[in-house]
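Since the structure comes first, as structure tokens, the remarks are kept for the end.
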2 protein chains.
Amino acid sequence: MTIEQDFFNQYRLMYRPFIKQLNIQLEPYQLYSSQWAVLRFLNDKGPHSFVEIANFMTIEKPSVTKLVHKLIELGYVETTTGKDKREKLVHLSPYGEELVQKIQLQLKSFFEQALAGVPKQDIDIATQVLARICMNINQ
Amino acid sequence: MTIEQDFFNQYRLMYRPFIKQLNIQLEPYQLYSSQWAVLRFLNDKGPHSFVEIANFMTIEKPSVTKLVHKLIELGYVETTTGKDKREKLVHLSPYGEELVQKIQLQLKSFFEQALAGVPKQDIDIATQVLARICMNINQ
DNA sequence: TTAAATTAGTTAGCCTAACTAACTATATAC
DNA sequence: GTATATAGTTAGTTAGGCTAACTAATTTAA
């Protein structure tokens, strides 16, 4: 067992329990983790088109259609026409903006608990490792 | 954006591209990443029952049933009766053992490429961070 | 200038990888 | 000896992706 294999084993092993807990946190807001990822992206990076959301999340366009339409239905986001008649810009609704702040506050303590006992410096290193892998994998 | 939130964002962002690439690596063996996770567990930790596999992978029993039955169908694993008539122990077949060695060799270079440019020390730290989170989340 | 190619988003239908509820068969506890 | 617990299975559901094929709008090029 090399240290690389060990890392990826551990990476995968963490996924299910993490997503499960995250979904429990999000349940009061009728959100799943994938929908939350979209809200967070719009909050952090501002309004973006469907294609831009797809590129950022490295998922396909039809998957974005489903996610965003659900968020529209919930009243958390709205769309406006983009730079031409084809493009639609997705942005948080006023209600959505409030909600994101509220959820982020709640998740803050969940994340802190999950990382309890881990030095800040190690969290930073781990984040950089994950970012580097993303870069390496996506060419 | 706290460093904890940043870490988990990055964690989630990596998942899809990683699993996608891993599945491409496994495709010649008619395996998906979840089935590979079972083979690797049996290889690393020896024969185990369905319940033990479920506990280790933190998935439910019916999910294990499906995974293992597929692996039996492929001829990669076999079952023997366990310590009583209810329990079945799952173990790699001779063919399965060979295959695991072969796949591990192939994945070794995939993993090394994915971690290219990351110091060994940082990989270790990141692995420990992931392990600690697993522990914290699963109580 | 109009025909071909490209781009943004949608629809329909599929798949993986999980889940819960309810079941059978066996084993254990009271 | 009956009630309870445990191992595994079956049936049906779900989240969260996917591809193929479509419409409408835009750009390229002949």
Side-chain angles (χ1 to χ4, degrees), chain A residues 12-27 29-39 41 47-74 77-90, chain B residues 12-27 29-39 41 47-74 77-90:
Chain A
R12 197 174 194 289
L13 202 54
M14 195 189 111
Y15 188 74
R16 271 286 132 197
F18 167 63
I19 291 293
K20 203 171 174 178
Q21 287 299 317
L22 183 55
N23 280 335
I24 290 171
Q25 298 287 318
L26 295 171
E27 212 229 296
Y29 312 102
Q30 296 173 266
L31 285 173
Y32 290 104
S33 62
S34 56
Q35 296 156 357
W36 167 243
V38 177
L39 290 182
F41 171 64
H48 281 84
S49 71
F50 284 69
V51 166
E52 288 165 345
I53 295 171
N55 289 341
F56 177 79
M57 296 181 67
T58 56
I59 59 178
E60 298 300 318
K61 285 188 298 176
S63 309
V64 176
T65 298
K66 268 196 202 171
L67 287 172
V68 171
H69 285 192
K70 182 66 189 173
L71 293 173
I72 290 171
E73 196 188 299
L74 289 166
V77 306
E78 292 160 358
T79 58
T80 50
T81 46
K83 62 179 177 293
D84 63 42
K85 282 182 188 167
R86 292 171 303 179
E87 199 180 73
K88 290 178 186 175
L89 283 181
V90 188
Chain B
R12 198 175 195 287
L13 204 53
M14 195 189 110
Y15 188 74
R16 273 283 133 198
F18 167 63
I19 291 294
K20 201 171 175 180
Q21 287 298 316
L22 183 55
N23 281 334
I24 291 171
Q25 297 286 319
L26 294 171
E27 214 229 296
Y29 313 101
Q30 296 172 266
L31 285 173
Y32 290 104
S33 62
S34 56
Q35 296 155 357
W36 167 243
V38 177
L39 290 182
F41 171 65
H48 282 84
S49 72
F50 283 69
V51 165
E52 287 164 345
I53 295 171
N55 288 341
F56 178 78
M57 295 181 66
T58 56
I59 59 178
E60 298 300 319
K61 286 187 297 175
S63 310
V64 176
T65 298
K66 269 197 198 168
L67 286 172
V68 170
H69 284 192
K70 181 66 188 177
L71 293 173
I72 291 169
E73 195 189 298
L74 290 165
V77 307
E78 292 160 357
T79 59
T80 51
T81 46
K83 59 180 181 292
D84 63 42
K85 282 182 189 170
R86 292 171 303 178
E87 197 180 75
K88 291 178 184 175
L89 282 181
V90 189

* Contacts of Phe41(A) that satisfy ring pair (Phe, Tyr, Trp, His ring centres under 6.0 Å) - sequence neighbours left out -> His48(A), Phe56(A)
* Hey, is the side chain of Ser49(B) poking within less than 4.0 Å of OP1 or OP2 on dA7(D), counting only N and O atoms? -> no
* Structure fact -> When every non-hydrogen atom of Ile59(B) is compared with those of Ser63(B), the smallest separation belongs to CD1-CB, 3.9 Å
* Structure fact -> Atom NZ of Lys85(A) and atom P of dT6(C) are separated, to the nearest Å, by 23 Å
* Any chance you could measure Leu31(B), atom CG, to Asn23(B), atom CG, to the nearest 0.5 Å? => 9.5 Å
* **Atom pair distance, as rounded to whole Å: CG in Leu31(B) and P in dT16(C)** => 12 Å
* Check: Arg86(A) side chain, dT26(D) base, donor-acceptor under 3.5 Å -> no
* Does any donor-acceptor pair link the side chain of Lys66(A) with the base of dG17(D) at a separation under 3.5 Å? -> yes
* What integer distance in Å separates Leu71(A):CG from dG16(D):C1'? -> 13 Å
* **Sidechain-backbone polar pair: Glu87(B) side chain, Asp84(B) backbone, donor-acceptor under 3.5 Å** => no
* To do: Tell me which nucleotide among dT26(C), dT10(C), dC18(D) gets nearest to the side chain of Ile59(A).
  => dC18(D)
* Asked: For the pair made of CD in Glu60(A) and P in dA20(D), what is the distance, rounded to whole Å?
  -> 10 Å
* Asked: So, does the side chain of Lys61(A) form a donor-acceptor pair with the base of dG9(C) at under 3.5 Å?
  -> yes
* Provide, to the nearest angstrom, the distance between the OH atom belonging to Tyr15(B) and the P atom belonging to dT16(C). => 14 Å
* Structure fact -> Between Asp84(A) and Lys20(A), whichever has its closest DNA chain C nucleotide further toward 5' is Asp84(A)
* **Atom-to-atom span, CG of Leu26(B) to C1' of dT16(C) - whole angstrom** => 14 Å
* Starting at atom CG of Asn55(B), determine the distance to atom C1' of dA18(C), rounded to an integer number of angstrom. => 16 Å
* Mind checking Thr65(B) for me? I need base, sugar-phosphate or nothing, with any heavy atom below 4.0 Å counting as a touch. => base
* Starting at the 5' end of DNA chain C, which residue's closest nucleotide do you reach first, Arg12(A) or Phe50(A)? -> Phe50(A)
* Phosphate OP1/OP2 of dA17(C): any Ser34(B) side-chain N/O under 4.0 Å -> yes
* To do: Enter the distance from Leu22(B):CG to Tyr15(B):OH here, rounded to the nearest 0.5 Å.
  => 9.0 Å
* Asked: What nucleotide among dC18(D), dG8(D), dC19(C) has an atom nearest to a side-chain atom of Pro62(B)?
  -> dC19(C)
* Asked: Which listed nucleotide (dA8(C), dA7(D), dG16(D)) is nearest to the side chain of Glu87(A)?
  -> dA8(C)
* For residues Val51(B) and Lys61(B), determine if any side-chain heavy atom of one lies less than 4.5 Å from a side-chain heavy atom of the other. => yes
* Sugar-phosphate only, base, or nothing, as touched by Ser63(B) at under 4.0 Å among non-hydrogen atoms -> base
* Looking at the side chain of Tyr32(B), which of dA8(C), dT16(C), dT10(D) is the nearest nucleotide? -> dT16(C)
* Structure fact -> To the nearest angstrom, the NZ-P distance between Lys83(B) and dT6(D) comes to 12 Å
